[in-house]
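Below: one structure, written as C-alpha cells.
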Amino acid sequence: MEELREYNPKEIEEKWSKFWIEKAIYHVEKPDKRKKFSVVIPPPNVTGSLHMGHALNSTLQDIVCRWQRMKGRQVVWVPGFDHAGIATQYVVEKQLAQEGKSRLELGREEFIRRVWEWVPKSRNAIRTQLEKLGVSVDWKRERFTLDEGFSRAVRKAFRELYEKGLIYRSEYIVNWCPKDLTALSDLEVEHEEEKGKLWYIKYPLEDGSGYITVATTRPETMLGDTAVAVHPEDERYKHLIGKRLRLPLVNWKRRTLSGEEIDEFIPVVADERVKPEFGTGAVKVTPAHDPNDFEIGKTHNLPFVRVMDEQAKMNENAGEFAGLDRYEARKRIVEKLREQGLLEKEEEHLHAVGRCYRCKTVIEPMVSEQWFVKVSDPAIKDTSIKVVEEGEEEVEEREVFIQYAEVEGLTITIPVSDETSGETKAVIVLDKGIEFLTGIREGELAYVYYPEGKPEVAQRAKELTYEFMQKSSGLEFLIGLEGEITVIRQGIESKIEAGRYLLAFEGNRLNLYRWEETPQFLQVIESGHARLEPVQKSIKVKVEREKRREVRKKQVKFIPEQWKKFYLDWMYNLRDWCISRQIWWGHRIPVWDCQDCGHANVFTDDDFDRVYDKLIFNLIADGKLKNEFTPEEVEEILKSPNFVHPEMSVLDFYKKFAFHKYHSTDVDAHSLRLFFTQEANPMAMLTPGVSTRGLYRYDSKSKKWRMVLRCKKCGSENLKQEEDVLDTWFSSALWPFGVFGWPEESEDLKNLYPTNLLVTGFDIIFFWVARMIMMGTYFMKDIPFEDVYVHALVRDKKGQKMSKTKGNVIDPLEIIDKYGADALRFTLAILTVQGRDIKLSEKRFEGYKHFANKIWNATRFVLMNTPEDFATMLPYMAPLRPEDKWIMTLLNETAEKVDKALQNYDVSRGAQAIYDFFWSDFCDWFIEFSKERIYKPIPEGDDEETQKEKAKILSEKTTALYTLHYVLEKALRILHPFMPYITEELWHRLPASKGESISLKDFPQKKQEELFPEETRRVERLREIISTIRSLRSDLQIEPSKRLKAFYRTEGEFSKSVIEEFKNHILNLAKLESFEEAPERPENTVATFSKDVEVFLSVEGHVDIEKLSQSYEKKKEKLLAELERVNKKLSNENFLKKAPPEVVEKERRIKEELEEDLQKVERILKVLEK
RNA sequence: AGGCGCGUAGCUCAGUUGGGAGAGCGCUGGCCCGACACGCCAGAGGUCGGCGGUUCGAGUCCGCCCGCGCCUACCA
C-alpha cells in the first residue's frame, strides 16, 4: 500500500475544497420536496471578514447538512451575502475620508459606484474563507441581497405591504444618528447606563403667582418645550392644571413643524404617564425630541417644535443658541439659568443613554418623516406569535387514486445505480415469498400489488405504507417479504438469511426492516438510485378512489427552547418598524411622489407587461441605468457579467432567478432601438396590437432615450423618487424565499420552502429571525423554517466579547493556517454546548489538531500493514475474534450516539462520542490488540505443518486487517460531518472505498447483528486486568520495556476464562514474560488485585516499599470512605423499606465488593509492612 | 426595576426522567515499545456558590440569599 506521509492539513484541505466546488457535488439540480433538506445561510455582511462567530455558525450548519446528506436527504444549502447598508457605507466613507473627500461632494451616483467597486473585493474574501471552512453549500444557488432578482423582490414586497396598508409614511419620533445622518430602528440603538446630571429648573407661572420646578437630564431641549405635564391626581399640582407657564430664556417666536409661530407660553397638562415620585413630579414636554413627550404631545395635541438640525446643532428655533452644538448649548443654557436664578439645583444622576450601534454617537430622538412597517398589525403580529407559540395546522383534503393489482407469482429485481456515475452497483433479487409491493408517486400511495384473492394483504400493505410515509425522508416503495434476499455486487452473490422483512427505498437508500409487530430497522442494504423491475404471471387491476386528509403543523421550533420565550416576549410588545434610512447604499424606496398632485406612486415591474419594459424598469430602479440611456448602454449592462455569478451575464441572471417565463428572451441594441422607436412613434397608434402608451421618449439633443413614468392619479410626469433606502433587514427578512426566486413561483420555491433549519446567534433573533417569520408567514402563508438552532457567542478566554478594538479576536483564517480547518471545526463543535457561550483560547485548537493527527497516524498504521492483494485474501480470513466483536459493538454504539446527538442538535455530545471512540477505544486498545495478529512472524519452511501454520497466521492477520478496515472506514464516515477534509482524504486511500466522495456515502447506523454483549463484557474485563498490572508496575517504578514474570490467583470462573483466553494480550500489553496461575503468593512478588483476581508481580532488586505503601494506604482510605457511605445507607431502615429493591440490591453488592477489596488491600499492606 | 442564564478538579466545561462525582487542557512520575513525543503508560487533584426544604436518598427538584454575565424597560 502507498505510504502516508505526515499529516499536512493545508495540502489536503486545499485539494478537497477545490474538488468539492469544481465537481459541484453539493449542487442538487431538481430537489424532490419529500427528500429535501433545505437551509439558507445567514448572509454574512459584505463588509467584514469572517470572525469566529461566522466560523461557528457555518460549522454547525455544515455538520447538520453533511449528516443529513449522508442520511439520504437531498441537501440544498444556499449561500449568500447581505449588503449591510449602514456598515458598508460607513467603510467606504472612511476610505473617502482618507482621500480627503466626502460622499456629499461625490454625489449619490458616484458614491454608489465607489461602493460597487469595493464590495466585490470584500465579498470574494469572505467567499474564500467559507470555502476554506469546507462548507457544503450549493454555490450555484448563491445570492446577494442586492442582486437583480432580490432588488426586484424587495420592491414587490414593499408594494404589496404598502397597498395593504401595512407600510405607511409618517411623521414620527425616531432614533436619529447625527453623525451617520440617518434614522435607526429601535434595535440599532445600544443603551448603556451613564453618569449624567439632573437639573431642576423653575418655570414661572404666567400670572406671576409662583413657579413649577421640572427636572431634566437634557436642558437643551427646553427650548422645544411646548408643555409641562403632571399626574392628574397629584395634589401638589392639581390646581395648576390648565394654567400657563412662561418658558424661561425663550423670548423669541418659535416655528412648529406645521409652520405656525408660537410664543413662550406653555400649558400645564395632566397625563397619567407622569410618575409623581420621580424628580419633582412635573415634567417638561418636548414632543419633537423625546419619545415619551412625543406620545404626550400627540394626546394633548401640543405643537411640535424642533430645535436641532440633522447634525444635532441648535437651529433657528433656538434663538440666541442657534448654531451651537447640542452639548455646547446645554452648557450655555445651564449657565444662563443659573444667572437668572432659575436653576434650583443640580444632582448626579445615573441614566440610560442610547448610542448608535455603529458609530457610538449619542442618539438624538427627533421627529421626522419616515417609513414604517406596521408590524403591530394583527395580520403580521398575531400570525408571527401563533406559529411559534402553538403552531398552525394546515389541513389538506385530497382525492387519491390507488391501483390494486391482484397478481400471481410475483418476482422483483431491483438494480441500484450510483447517484452520480450511474453505473450499477448492486442488484437485489426477490423471487420467493413476496407478500406485497406498494409504490409511491408524488408523495401518495399509487399502487399495490398483492396475491390473488387476498384483499386483506392489500389492506395491510396500505396501512404499512402510510405508516412508513410518516417518516421524514421520502419513501419510494415498500416490499413485504417472507423469505431470502439475494444481493449481487460485482458479480458476487451474497444472501441475507431468510426471514420476514420489509424492504423500503427511502431517501436514496434501500433499507431493510425486520417485519414484526412494529417494524424494526435492520440495515441499509444499498444506497443509490433504485429501479423496480417486477415480473408477474397474471394480473387483475382495479382502481379505487380514496379521500386523504393530511394535517401538517406549521410551527417554528427554537432550540434550545428558552429562546422561544425570548422571542415571544418581544413579539408581544412589538412597536412599528422604521424601515427608511437616510443613506444611499441599499434598496431605494420604490416610491415616486407626484410633484403636482402629491400622490405617492409605488412602481414595480408589474406596471409593465412586456419583458423589455420590465428589464429596463428594473435597471433604472436599481440605479444601474440612468434616466437617460441609449440602447447600446442597455445591451452592455445586460451582457456584462453578473455580480454574484460572473459566469453568467446580467440578462442570464434575470432569466434564471427572476424571469423564468421569459427564458428565451435575447436583447440587443438593435432590437431595443426598434422597440423604443415603435413605442414612441405616434404612427404606432395606427398599427393594431402595438402599445400606444408612449413609454419611451427620444431626446434628439442628447440622442438618448428615457422611460416615462406617469403619476397613476393625475398622469403628471413630474415625479420625484423617494431619496431614502430601506433598512437592510427589510431585505434580509425576505431571504428564506427571496433566494428561491420569489415572487416568481419557481420550482425551487415550491420544492425548498419552507426551509428545514436556520442556524443563528441569539443576538439577531429580533433583527432577523422575527422579521423572517413575519414576512415569511405574510408572503408565503407558511413558516420560513421549521427549526431555529440558536447558538452561543464566541468569547475570548476571559469571557469577553471578541472585538477588534479590544484586540482579542482570534482570526479563523489564522487558525486554519496553523491547525487546519478540520481542527478549527472540531474544536468549535465540541465546545458548543447548548445555551452556553464559548470561551476560546488558541490552545484548544492545538489539542484537536492532535486528534486529527491521531486519526492520520492510525490510518497510516492500517495502510502500511495492508498488502496490495488484501481484497483477494478476504475470502480466506479466519472468524472474528472477541476483540473484533468488541470493537464492532462499540463502533455501532458510537454510530447511534452520534446520530442521536445530531438529531437533537447536540453537536458537542456527538463530537465527544466519536472522539472518545476513535482515540480511547480504537487507537489505544483495538490497534494495540491487533498487533498480535498483524506482527506475528510467518514461519519459514515448506513442510506441510509449516504451510498450515502459515495459512493460519495469514488468515488471522487478514481478519485483524479486515476489522481494522471495517471499523476505520465506518468511523471516518461518522466523523465526516465534523472533519470533512481529513476523512475525505483518508477514506479515498482505503482500498475498500468506492465512490466520488465520502460525503455522499451513508451515515453508519447501528446494526443489531453487530452488537456482541458477551464478547464486550469479556474484553472490558480484560482491560481492567491489564490496567491493574500496569498500575502496579508504575507504582513500582519498573521500566515499561522490562518483561516480568507474573502470577495470578482467582476463584472467579469468568475472570479466569478471560485471562486464559486473552493471555497473549495480557503478556503484550502489560509487558509480562509469563502469567501463570499460582495457589499462593510466590516468593519475591508484590501483590495487587482487580476485582476477584489477585496478581503477583515478581520483582528483583530494590523496591520502594515506602512509596508503594503510600499508594495502598490511599486506596484503603478511599475504600473506607466508600464503605462508610454504603453502610450508612444500608443501616437506614427507611432506605431498605422505601428504596426500590434493585437499588438496595445494588448497594449490597457494592458493599460486598468494597469489603473484598478492602481485605485485599489490607493483606497487601501487611506484607509490605514486614 | 423586571426577565433569562451561569456558579462542579488549577483552567474550560460535561453530568439526559434524583440512586456509587466525569472529560479535555494543565500538573506529577515513568517511557522514543516496529501508526503517532501532535505520542504511550500511570497518578495527584472536588464540603458540586451558601443556607433551608421535599425525599429512604439531592450536583440533579423547590424556596431564599450571595457572586458573575446577558437581555429587556417610556424614571424625564
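Since we're looking at a predicted model, the values are computed, not measured. Letters A, B, ... are given to chains in the order of the sequence lines, protein chains preceding strands, and every chain is numbered from 1.
- You'll find that the side chain of A/Tyr848 is closest to B/rG24, out of B/rA44, B/rG24, B/rG5.
- As judged by a 4.0 angstrom heavy-atom cut-off over every strand, A/Glu1039 is placed among residues making no nucleic acid contact.
- When heavy atoms are screened at a 4.0 angstrom cut-off, A/Asp924 is found touching the sugar-phosphate backbone but no base atom.
- At a threshold of 4.0 angstrom between heavy atoms, the contacts of A/Glu6 with the nucleic acid are absent.
- Here the side chain of A/Phe762 is nearest to one of B/rC70, B/rC13, B/rA23, namely B/rC70.
- Within 4.0 Å (heavy atoms only), A/Phe566 reaches sugar-phosphate atoms of the nucleic acid but no base atom.
- For A/Arg844, the side-chain atoms get nearest to B/rU12 when compared with the rest of B/rC56, B/rU12, B/rG29.
- B/rG20 and B/rA37 have their C1' atoms separated by 37 Å, with the value rounded to a whole Å.
- Comparing the same atom, P, in B/rC61 and in B/rG69 gives a spacing of 24 Å after rounding to whole Å.
- Within the structure, a side-chain polar atom (N or O) of A/Lys1146 is placed less than 4.0 Å from OP1 or OP2 of B/rG20.
- Rounded to the nearest 0.5 angstrom, A/Glu295 CD and A/Arg273 CZ are separated by 6.0 Å.
- Set against B/rA76, B/rC36, B/rC41, the side chain of A/Arg1030 has B/rC41 as its closest nucleotide.
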Evaluate the criterion side-chain hydrogen bond (donor to acceptor under 3.5 Å, both in side chains) for residue pair A/His791 and A/Thr832; output intermediate values, then yes/no.
-> CA-CA 8 Å; A/His791 64 245; A/Thr832 300; over 6 Å; no

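- Taking the ring axis of A/Phe558 as reference, the NZ or CZ atom of A/Lys564 does not stay both within 45° of it and closer than 6.0 Å to the ring centre.
- A donor-acceptor pair shorter than 3.5 Å cannot be found between the side chains of A/Lys345 and A/Thr213.
- Nearest to the side-chain atoms of A/His351 among the listed nucleotides B/rG19, B/rA76, B/rA42 stands B/rA76.
- Nucleic acid contact for A/Pro1040: sugar-phosphate only, since backbone atoms but no base atoms lie under 4.0 Å from a heavy atom of the residue.
- Among the heavy atoms of the strands lying under 4.0 Å from A/Lys1114 are primed sugar atoms or P, OP1, OP2 only; no base atom is included.
- Distances were taken from every side-chain heavy atom of A/Leu1154 (C-beta onward) to each of B/rG20, B/rA14, B/rA42; the shortest belongs to B/rG20.
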I would like to know whether A/Thr1088 and A/Ile1029 meet side chain to side chain contact (heavy atoms under 4.5 Å, CB included); could you show each step before the answer?
-> CA-CA 8 Å; A/Thr1088 186; A/Ile1029 303 171; 5.6 Å; no

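- No engagement by A/Ser1041 is indicated, since no non-hydrogen atom pair under 4.0 Å with the nucleic acid exists.
- Taking the ring centroids of A/Tyr848 and A/Tyr819, they lie at or beyond the 6.0 Å cut-off.
- Residue-level contact check: A/Ser1027 touches the backbone only, with heavy atoms under 4.0 Å from sugar-phosphate atoms and none from bases.
- Relative to the ring axis of A/Tyr915, A/Lys854 does not place its NZ or CZ within 45° and under 6.0 Å from the centre.
- Of the C1' atoms belonging to B/rG59 and B/rG46, the separation is 11 Å, rounded to the nearest Å.
- Residue contacts shown for A/Ile838 are absent, as no nucleic acid heavy atom lies under 4.0 Å away.
- Among the heavy atoms of the strands lying under 4.0 Å from A/Trp919 are primed sugar atoms or P, OP1, OP2 only; no base atom is included.
- Evaluated for a side-chain contact (heavy atoms from CB on, under 4.5 Å) with A/Leu964, the options A/Ile934, A/Asn865, A/Leu863, A/Ile887 yield exactly one hit, A/Ile934.
- Contact annotation: side chain of A/Lys854 to base of B/rC36, donor-acceptor pair present below 3.5 Å.
- Closest contact between the side chain of A/Phe1135 and the listed nucleotides B/rC25, B/rG19, B/rC38 involves B/rG19.
- Dashed line: the shortest gap from a side-chain N or O of A/Arg860 to OP1 or OP2 of B/rC36 is under 4.0 Å.
- Cation-pi geometry between A/Lys1115 and A/Tyr1112 is met: the NZ or CZ atom falls under 6.0 Å from the ring centre, inside 45° of the normal.
- Here B/rA76 is the nucleotide among B/rA76, B/rC36, B/rG39 with the atom lying nearest to any side-chain atom of A/Val274.
- Of the residues in residues 1116-1126 of chain A, those with a non-hydrogen atom less than 4.0 angstrom from any atom of RNA chain B are A/Glu1122, A/Arg1125.
- For A/Phe766, the side-chain atoms get nearest to B/rU72 when compared with the rest of B/rU72, B/rA76, B/rU16.
- When distances are taken from the side chain of A/His349 to each of B/rU12, B/rA76, B/rG43, the shortest belongs to B/rA76.
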